[in-house]
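Single-structure report; data block below.
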Amino acid sequence: MEYRIEKDTLGEIHVPKEKYWGAQTQRSKQNFPIGKETMPLEIIKAFAILKKSAALANKELGLMEPKKAEAIEVAADQIVRGELTEHFPLVVWQTGSGTQSNMNVNEVIAHVGNKWLKEQGSEWTLHPNDEVNKSQSSNDTYPTAMHIAFVLKLEDKVLPALRTLKDTLKVKMDNYQDIVKIGRTHLQDATPLTLGQEISGWHRMLEKSEMMIEQSTTYLKELAIGGTAVGTGLNAHPEFSERVCKQINAATGKNFISAPNKFHALTSHDESVYAHGALKALAADLMKIANDVRWLASGPRCGIGEINIPANEPGSSIMPGKVNPTQSEAVTMVATQVMGNDATIGIAASQGNFELNVFKPVIAYNFLQSCELLADSILSFDDRCAKGIEPNLENIDKNLKDSLMLVTALNPHIGYENAAKIAKAAFENNATLKDTAVKLGLLTEEQFEQYVNPKEMTYPK
């Protein structure tokens with residue numbers, strides 16, 4: 001491998017000749033051989049959006065030569081388009097402020113920008129710190145990049161996926177509104193409801209999760225940029241933060257604002273905890289939905305079997321013909337990962353000592369992983385399971401007729417204790433509720449048929 005010599009304040013260091021990063025990136029690469037989890041590309045692209053926006057703001061304020069700002073813009077756009085991915089090698093497990101990743105972006109932009117300036121015949125050059133990082137600190141750029149990446153991921157990936165599944169459940173809910181089935185509480189038989197009503201509970205879970213995630217993005221749209229090192233805004237123009245936010249909004253189509261208190265924005269990540277809490281709530285709901293689906297589809301002959309789901313692949317290497325609820329299993333595993341990520345994020349966010357939280361990369365990594373896993377698993381579950389849910393009318397009808405809890409409809413007519421006598425005797429004698437009620441002399445056959453109507457029990461007056 002061929003090398004070139006790069007310099008920083010600690011001296012000279014060898015950098016692979018074909019790579020665009022500089023000395024500080026190389027030092028980080030050598031000093032943190034920890035794990036295989038690299039800085040999420042969403043963070044790198046958010047940094048690029050920020051660097052371009054900062055350059056344009058500095059140009060507007062007369063603090064940067066237009067040609068230098070243009071060079072930064074050209075390089076940043078290449079990063080956003082994914083053309084320079086190989087030049088961002090750093091792992092998550094580095095300095096907790098994300099300084100080395102900030103410098104990695106600065107160095108790559110300076111390298112690419114300088115090549116462009118040279119091609120333009122310009123005598124200007126870019127320095128990673130003096131121009132690309134102008135009016136900035138890692139302490140305010142990393143949390144800004146975090147919030148940009150989080151909002152884009154939530155609004156452009158998680159919420160669209162959630163809405164896709166929600167729409168599928170709405171169709172099922174409406175189509176199955178008149179299919180009466182037995183309800184279950186405590187894993188025991190309960191009073192009837194319709195399959196549409198049961199699915200409506202799932203649908204409402206996703207509606208509520210959608211609203212909570214949407215609300216949480218409001219707080220994430222406050223950006224730390226302009227706070228520089230400790231929140232005072234040292235070395236940044238008073239208008240810099242507002243102007244950068246305006247440029248970021250132009251690039252993303254979002255409505256980010258300058259955080260009103262930069263001391264808070266650098267040391268606290270309560271917004272991320274709150275937003276990920278909404279993701280954890282979604283994960284909890286998905287766990288419930290996926291578990292309900294696989295319970296209701298259990299069988300095919302010795303389980304509940306009230307719904308049928310698509311058979312996507314053979315389920316066993318030894319049992320011929322076995323098919324498993326694998327999409328539900330994938331969703332539930334994702335849910336546990338998200339819940340674990342939430343614990344990590346909560347603990348990391350609690351470590352804001354004095355003017356800076358130094359657990360930022362691990363917060364970013366776990367948050368974005370949760371977004372990615374949730375969105376992907378939701379779409380997979382929707383396409384390969386939820387869309388194919390169909391009622392098994394034979395089993396639904398059998399379970400409904402066999403249930404002892406239809407006796408609940410008799411409470412207003414003969415009282416709780418007499419109704420309980422019927423249920424207990426019917427169970428002990430393996431008899432029907434109607435035959436038992438008549439045999440005990442508590443009701444006539446006509447009265448029983450008048451009072452016990454499963455359909456009416458699902459829409460009580």
Test: [X] and [Y] ion pair at under 4.0 Å:
X      : Y      : answer
Lys157 : Glu372 : yes
Asp167 : Lys172 : no
Asp382 : Lys387 : yes
Glu107 : Lys19  : no
Lys45  : Glu42  : no
Glu131 : Lys134 : no

Report yes or no: do Thr228 and Asn235 form a side-chain donor-acceptor pair below 3.5 Å?
->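 There is no such pair between these side chains.
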Do Ser380 and Gln327 have side-chain atoms, one donor and one acceptor, less than 3.5 Å apart?
->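 Yes.
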Any donor-acceptor pair under 3.5 Å from [X] side chain to [Y] backbone:
X      : Y      : answer
Gln94  : Val91  : yes
Asn102 : Gly98  : no
Asp383 : Leu379 : no

Would a 4.5 Å heavy-atom cut-off, applied to side chains only, mark Phe32 and Gln100 as touching?
->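 Of all side-chain heavy-atom pairs linking Gln100 with Phe32, at least one is under 4.5 Å.
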Below 4.5 Å, heavy atoms only, C-beta onward: do Val293 and Phe381 meet side chain to side chain?
->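 Yes, side chains in contact.
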Below 30° counts as parallel, above 60° as perpendicular, anything between as tilted: where do the rings of [X] and [Y] land?
X      : Y      : value
Tyr142 : Phe47  : perpendicular
Trp21  : His87  : perpendicular
Tyr274 : Tyr219 : perpendicular

Can you sort out the partners of Ser272 under side chain to side chain donor-acceptor pair (under 3.5 Å), two or more places apart, ordered by chain and number?
->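 Testing Ser272 for side chain to side chain donor-acceptor pair (under 3.5 Å), a comparison that skips the adjacent residues, returns none.
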Keeping to residues at least two apart or across chains, list the side chain to side chain donor-acceptor pair (under 3.5 Å) pairs with something in residues 345-363.
->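 Applying side chain to side chain donor-acceptor pair (under 3.5 Å) to every pair that reaches into residues 345-363, excluding sequence neighbours, yields His269-Lys360.
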